[in-house]
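Beneath this line is the structure, given in structure tokens, with notes to follow.
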Number of protein chains: 2
Amino acid sequence: MVTLKEVAQKAGVSPSTASAAIRGMDIVRPDTAKRVLDTAAKLNYQINMSARALRSGRTNIYTMLIPDLENQFYAKLANALSNELAAHGKRLIVQTNNFKKDKELEQLAQISASMCDGVFIASTHNTGREIHEALKTFPALLFDDMSPDEDAYYDSIETPSQAGMHALIRHLVSLGRKRIGIVGTFADNVKPVGKGSPTEIAFAIRQNRYDFAAQAMQAYGLPVDDAFIVSDWSVNAGIETAHQLVKQGLRFDALCCANDDLALGIIRGLLECGVRVPEDVAVTGFDGIAPGSFTTPTLTTISSDYQGMAQTAIDMMESQVEQPDEHTMPRRIIVGFQLLQRESTLGFGAGKD
Amino acid sequence: MVTLKEVAQKAGVSPSTASAAIRGMDIVRPDTAKRVLDTAAKLNYQINMSARALRSGRTNIYTMLIPDLENQFYAKLANALSNELAAHGKRLIVQTNNFKKDKELEQLAQISASMCDGVFIASTHNTGREIHEALKTFPALLFDDMSPDEDAYYDSIETPSQAGMHALIRHLVSLGRKRIGIVGTFADNVKPVGKGSPTEIAFAIRQNRYDFAAQAMQAYGLPVDDAFIVSDWSVNAGIETAHQLVKQGLRFDALCCANDDLALGIIRGLLECGVRVPEDVAVTGFDGIAPGSFTTPTLTTISSDYQGMAQTAIDMMESQVEQPDEHTMPRRIIVGFQLLQRESTLGFGAGKD
DNA sequence: TTGAAAGCGCTAACAT
DNA sequence: ATGTTAGCGCTTTCAA
């Protein structure tokens, strides 16, 4: 194994000069730097990351906590973040907690400066305050933080729920749909209690997109009907909800779902009940995951700017890591989006991407 | 920041004893170990991973190279591996190369012992030999290595292509399908050349499942028809292939596809052409990814044992990491599978999971 | 602009 | 079973 000391010797400089050259510091004379770099290349020198991390206190590794990698929304986010970090010479460790609050807290408790420089968190169960209690001053950034303002400890990158829902409702209205139902919150807008009840933050996440959809409907003068119980934003929850809706005697000509999984489940469930999409009921999703582009019907949805989320996240994270003491107010950045008009609202054969 | 030295002092032992206690070595007396652990907990001691890695030469981090995290097959594999490693107290860095051979080679060249203990590779373009040239003796394990025997340098975990294809063909035959086409290799079983041509390994991967399906068909006395060109195993390739097949005058009552994406594309494409699945043509996939369970029709497919793949991979990797000098013949382990009979062969409403 | 010296926190080898 | 000592390879500080 070739060490920096050996490279320095062969290049005829001191280890500290070689180090500076390797790191591209502009205090070394260009010809000296070139000599060091050439020597390093010739000897096939590899930086020892452990030693660098121990001495400098920087690992150049980041951690991301997400519920599940098989969920396409999180996979897209992780993919974008990993690629963007790689472009900065940094690497990402992804840890999943399967939507379990305790597991996430356990993961947070194990995070320390010697294993990564910062942590990106897409939490479905913990508030900024709870995360802060585990992490103290460790650099962190949240995706879709739904903490109440007094618990918002961290910068947050947010999916464009408000503008996206508005665009979807406008789209449905423009198609003449008037009896629009919103799928993806809890019954009666009331937080359920007891066994298996969601945590505050899970409730807030579900409530958020519901509220924005309702807002948009009111803006168009449409009556906001009851919200529907869904245990989570999954395909299966969508299928069950569709069966319930049909059993109750379907009173909608459109269903605006909080995410794509739910929407795909709704479509499948309606089809199982013999309800045609979009002839009888138009359906919209949110997130722009892949399956919506090839199911039949294809899914009208909002595609968030994932690369933009990743880039912004890394910018904000790096400013935290480099200026750890700048305690400013947490910022909330909302990224851009695109309305994908497809068959679940337009009809089969229409709206090819 | 609390160091091990401080913990040792407060516990009244030497640093090396404290170190051994923290690592759970059984050479320390139980009461001594307890004293150290209690002190560590009280002081909220966190192991410095960088220092440990520098001294011990082990990072407890592994790397995984895959083409794409948005591809559900790789997401499932990465998810299983990450979870299984976490259960061993180890972490996983996932790097994607977007199916680019050069990018993967670049990633391989950057892998060194100071950044991870081993690398798991699901390569679509590099042979064992090419990987070996980049990695030398660094611990590595491949998924679905298709290298010719003389280029098989590494242990490999394989999806059950042979048994799985046999089960699918048997299933189709039992349903009375006789004119079965295989989708997922190149035209005329000949390696294409020229612009955009696939690499050897990409060809071998495509050829593998085709061959096993053809084998199974011959075992059932069925004629093996031409294979179909697909540029890759993607949904879009499936859609295009379906349109081509219909244009040529569909001569099949079943299409056996090399993976789920291709099958989902085939189904979509056939539907676009007004061909009914499975009434006119039954379709099968391979991999068992999520969308196949909720598209209409749902997809009959083979679900590999992903957790088994991950567990076996980690076992084999750990034996490499712990006994680096044991140069044995590379092993090939084929994992188990499950045939999921669903609507794309049975008909709508049948075969609920 | 370059060099000399110190030491990050831990574990391994050896001594007791 | 525990302690002593040394040093992994790098970057940082300070001096020249």
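Given the structure is predicted, the values throughout are model-derived calculations rather than measurements. Protein chains get the first letters and strands the later ones, always in sequence-line order, with residue 1 at the start of each.
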Q: Report the residue (Ser56(A) or Thr32(B)) whose heavy-atom-nearest nucleotide on DNA chain D is the more 5′ of the two.
A: Thr32(B)
Q) Going from CD on Glu133(B) to OH on Tyr153(B), what distance comes out if it is rounded to the nearest 0.5 angstrom? A) 7.0 Å
Q: Please check the phosphate of dT12(D) (OP1 and OP2 only) for any side-chain N or O of Arg23(A) closer than 4.0 Å.
A: yes
Q: Report the nucleotide, chosen from dC8(C), dT2(D), dT11(C), that has the shortest atom-to-atom distance to any side-chain atom of Arg52(B).
A: dT11(C)
Q | Length of the CZ-C1' vector between Arg58(A) and dT11(D), whole Å | A | 13 Å
Q) Taking for each residue the nucleotide of DNA chain C bearing the nearest heavy atom, is the 5' side occupied by Pro15(A) or by Asp26(A)? A) Asp26(A)
(Q) If I take atom CE in residue Met25(B) and atom P in nucleotide dT2(D), what distance separates them, rounded to the nearest angstrom? (A) 14 Å
Q) dT12(D) phosphate, OP1 or OP2: any side-chain N/O from Arg55(A) under 4.0 angstrom? A) no
Q. Does one side chain, of Ser16(B) or Ser19(B), offer a donor that lies under 3.5 Å from an acceptor on the other?
A. no
Q | Residue Asn48(A), side-chain atoms from C-beta onward, closest of dT11(C), dG9(C), dG9(D) | A | dG9(D)
Q. Would you say Arg29(A) reaches dT2(C)'s phosphate, i.e. side-chain N/O to OP1/OP2 under 4.0 Å?
A. yes
Q | Ser19(A) vs dC10(D): side-chain N/O to OP1/OP2 distance below 4.0 Å | A | no
(Q) Under 4.0 Å, counting only non-hydrogen atoms across every strand here, what does Ser50(B) touch: a base, just sugar-phosphate, or nothing? (A) nothing
**Q.** Any donor-acceptor N or O pair under 3.5 Å, side chains Thr59(A), Asp117(A)
**A.** yes
Q: Can you tell me the distance, in whole Å, between the CD1 atom of Ile47(B) and the C1' atom of dT11(C)?
A: 12 Å
(Q) What's the closest nucleotide to the side chain of Leu4(A) if the choices are dT11(D), dT1(C), dT11(C)? (A) dT11(D)
Q) Within the pair Thr3(B) and dC8(C), is there a side-chain N or O less than 4.0 Å away from OP1 or OP2? A) no
Q: Measure from CD on Gln9(A) to P on dA4(C) and round the result to the nearest Å.
A: 11 Å
Q.
As an exercise, state the distance from CD1 of Ile314(A) to CZ of Phe120(A), rounded to the nearest 0.5 Å.
A. 5.5 Å
Q) Nearest-Å distance, CE (Met49(B)) to P (dG9(C))? A) 15 Å
Q.
Can you measure Glu6(B) atom CD to dC8(C) atom C1' for me and round it to whole angstrom units?
A. 13 Å
**Q.** Value rounded to 0.5 Å, distance of CG in Leu69(A) from OG in Ser82(B)
**A.** 6.5 Å
Q) Strictly by modelled atom types, are Glu104(A) and Ser123(A) linked by a side-chain donor-acceptor pair under 3.5 Å? A) yes
Q: Round to a whole Å and report the spacing from CD1 of Ile27(A) to P of dT12(D).
A: 11 Å
Q.
How many whole angstroms separate atom CE of Met115(B) from atom P of dC8(D)?
A. 23 Å
Q) Side-chain N or O of Thr17(A) less than 4.0 angstrom from OP1 or OP2 on dT2(C)? A) no
**Q.** Base dA4(C) paired with Ser16(A) side chain (donor-acceptor, <3.5 Å)
**A.** yes
